[in-house]
*Asks:* 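Could you have a look at this structure, given as structure tokens, before my questions?
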Amino acid sequence: MTYGMPENFLWGASTSAFQIEGAYNIDGKGLATTDVRHVPEGMADTKIACDHYHHWKEDVDLMAELGLKTYRMGFSWSRIMPDETLVPNEKGLAFYDRLIDYLLEKGIEPLVTLYHFECPQALVDSFGGWKSRKMIDAYVKYAEVCFRHFKGRITKWVTVNEQFIATAAPDLAMEYIEDPHERSKWIYQISYHVSLAEHKAISLLREIDPEALIGPVCSMQVIYPLSSKPEDIRAAAEAEEMQEFYLLDMSVYGEYSPAAYTWLKERNLLPETEAEDKAVLQGSKPDFIGVNYYFSSCAKYEVKPFGFDTSFFWAADDCRIVRNPYMKPTEWMPHGTDAEGLYYGMRKIYNRYRLPMIVTENGIAVSEALGEDGKIHDHYRIDYLREHISQVMRLCEEGYPVFGYCPWSFMDVLSSHQGFAKRYGLVFIDRTDTDAKECRRVKKDSFDWYKKVIASNGSEL
Ligand code: BG6
């Protein structure tokens with residue numbers, strides 16, 4: 001057993017493209033699905049977000065001041081490849097050239113997500129997006145452009161962020177379908193297409209840049225049985241299987257587990273496949289697994305009509321996801337927070353896949369506004385991060401290969417569903433949902449704290 005964090009541990013921080021960039025329609029960028037989806041009145045949208053497109057240099061300077069070793073960021077697919085012609089947009093690539101080169105100049109290694117919840121709307125309009133197999137070719141073409149263009153500069157790639165959410169969240173991958181069975185059928189079909197695209201991209205990277213590493217980022221589901229009743233234990237096992245493991249199994253092994261296959265078959269939800277798919281799915285393997293984790297929950301057995309009533313993302317007929325009565329809800333996290341869940345979840349992932357892991361997202365959402373002193377004293381965020389980093393340390397000390405930790409988020413971002421009402425950042429963005437102001441950057445107390453953590457390689461928590 002070793003003590004402390006490994007040398008070269010990648011202390012990082014995360015963002016995604018559509019949640020920070022803004023500049024949604026300039027320099028040749030096409031509209032993304034996240035640019036056109038319905039945003040409730042009074043909530044910020046992607047048009048400006050944090051205006052990172054114009055503040056990128058200042059943002060990288062802040063990252064360097066923080067001491068980041070890695071920056072987990074996303075590319076906007078529609079900035080690089082705006083439409084169905086699949087012709088790359090030189091100005092879009094030039095923006096990322098500037099950003100990546102400056103990160104490297106500052107000694108910060110980019111870890112880049114290719115697909116984080118958005119794609120060009122033109123692909124949806126012309127052939128239905130992920131509902132169609134044409135999307136697999138479009139994604140692979142986009143990945144190829146990125147791999148060739150950034151070869152040698154980007155050495156760690158993420159294929160897809162949270163396939164579970166990306167394929168099932170209302171209006172991220174398809175239009176809303178009322179009937180839960182029909183909707184689920186499409187979710188599993190879309191997800192199957194994403195798995196094919198992911199494996200094709202991994203194989204392609206091996207050819208183009210064999211030195212580079214690539215892996216998926218999962219939305220880790222830590223689901224405890226609500227009681228020790230065997231039915232609740234089964235409900236929790238099925239929930240983890242169908243909300244996390246079936247997707248990781250597809251990423252790593254290229255097949256469903258017997259449990260997932262049976263679950264889908266019994267509900268007539270198996271996707272349509274083609275004979276040559278198996279070779280594609282089993283022809284490559286990722287190098288690592290990225291883990292996004294915010295909180296845990298519980299599952300209880302309950303026979304009910306098949307529906308999405310316990311989760312936006314997963315319809316079931318014998319399981320209900322509920323709050324763990326031992327966790328205290330927070331303002332924006334009704335399930336509360338559970339640092340130990342990070343430990344147990346990652347332990348399970350390692351036991352099943354034996355791949356190196358990195359925490360790619362972990363954070364607490366809070367409503368925040370500048371105080372009278374012009375600052376944000378976010379002791380609650382420091383507590384949350386400290387508790388979770390301790391669990392990462394515990395994993396490292398026990399010998400689990402965790403090579404990095406990235407809080408969500410480097411700066412406040414446009415939340416995936418709640419605009420700027422809730423915030424996760426180490427850096428405050430001085431704007432509200434209705435007034436973008438100048439998007440001034442203000443370091444929170446957690447920034448100064450995390451800086452010390454990084455400088456001491458975790459010994460000053
Ligand atoms: C993850 C996503 O699901 O959770 C992020 O990868 C997202 O993009 C984060 O922002 C927090 O969720 P939300 O809905 O609070 O923004």
Side-chain angles (χ1 to χ4, degrees), residues 12-22 32-35 37-40 43-46 49-50 52 71-77 111-119 158-173 191 194 215-222 243-244 247-248 289-297 311-314 321 329-338 341-342 345 358-368 380-381 384-385 388 405-427 429 433:
S14 270
T15 64
S16 86
F18 81 94
Q19 293 177 278
I20 62 166
E21 285 181 1
T33 44
T34 42
D35 296 325
R37 70 177 170 157
H38 172 72
V39 175
M43 189 186 288
D45 58 21
T46 54
C50 306
H52 172 69
Y71 172 43
R72 187 264 174 153
M73 53 173 278
F75 277 173
S76 157
W77 182 345
L111 165 61
V112 176
T113 305
L114 288 168
Y115 184 70
H116 192 126
F117 293 172
E118 47 96 21
C119 68
V158 167
T159 49
V160 176
N161 178 69
E162 298 189 344
Q163 188 172 344
F164 174 57
I165 311 290
T167 52
D171 56 61
L172 286 186
S191 191
V194 171
V217 159
C218 71
S219 95
M220 187 169 76
Q221 305 292 314
V222 177
Q243 298 194 61
E244 175 187 340
L247 296 148
L248 281 177
I289 294 174
V291 169
N292 291 356
Y293 174 74
Y294 291 85
F295 52 81
S296 62
S297 25
S311 152
F312 289 136
F313 316 117
W314 182 54
I321 305 295
T330 71
E331 182 195 10
W332 285 103
M333 293 159 108
H335 288 250
T337 67
D338 170 24
L342 179 64
I358 174 169
V359 178
T360 33
E361 287 181 32
N362 176 231
I364 183 168
V366 180
S367 303
E368 289 171 320
Y380 37 83
R381 181 163 295 106
Y384 178 97
L385 296 177
H388 286 76
Y405 175 82
C406 301
W408 182 266
S409 43
F410 169 68
M411 58 181 130
D412 293 338
V413 304
L414 182 74
S415 146
S416 69
H417 289 92
Q418 277 106 356
F420 281 90
K422 62 180 188 189
R423 293 164 183 265
Y424 291 88
L426 303 167
V427 175
I429 301 295
D433 268 318

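Just so you know, residue 1 is the first one in the sequence shown, and it goes up from there. In listed order, ligands and their atoms are each counted from 1. Everything quoted here is computed from the prediction, not taken from an experiment.
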*Asks:* Taking any residue with a non-hydrogen atom under 4.0 angstrom from an atom of ligand 1, which ones do you get?
*Replies:* Gln19, His116, Phe117, Asn161, Glu162, Asn292, Tyr294, Glu361, Trp408, Ser415, Ser416, His417, Lys422, Tyr424
*Asks:* Could you tell me how the ring of Phe295 sits relative to the ring of His335: parallel (under 30°), tilted (30 to 60°) or perpendicular (over 60°)?
*Replies:* parallel
*Asks:* Within the distance-only criterion (no hydrogens, no angle test), does the side chain of Glu331 pair as donor or acceptor with the backbone N or O of Ser367 below 3.5 angstrom?
*Replies:* yes
*Asks:* Any side-chain heavy atom of Arg72 sitting closer than 4.5 Å to one from Asn161?
*Replies:* yes
*Asks:* Can you tell me how far the OG1 atom of Thr15 sits from the CH2 atom of Trp408, to the nearest 0.5 Å?
*Replies:* 6.0 Å
*Asks:* Using 30° and 60° as the class limits, which term best fits the ring planes of Phe410 and Tyr71: parallel, tilted or perpendicular?
*Replies:* perpendicular
*Asks:* Tell me whether Ser409 contacts the main-chain N or O of Met411 through its side chain, where contact means a donor paired with an acceptor under 3.5 Å.
*Replies:* yes
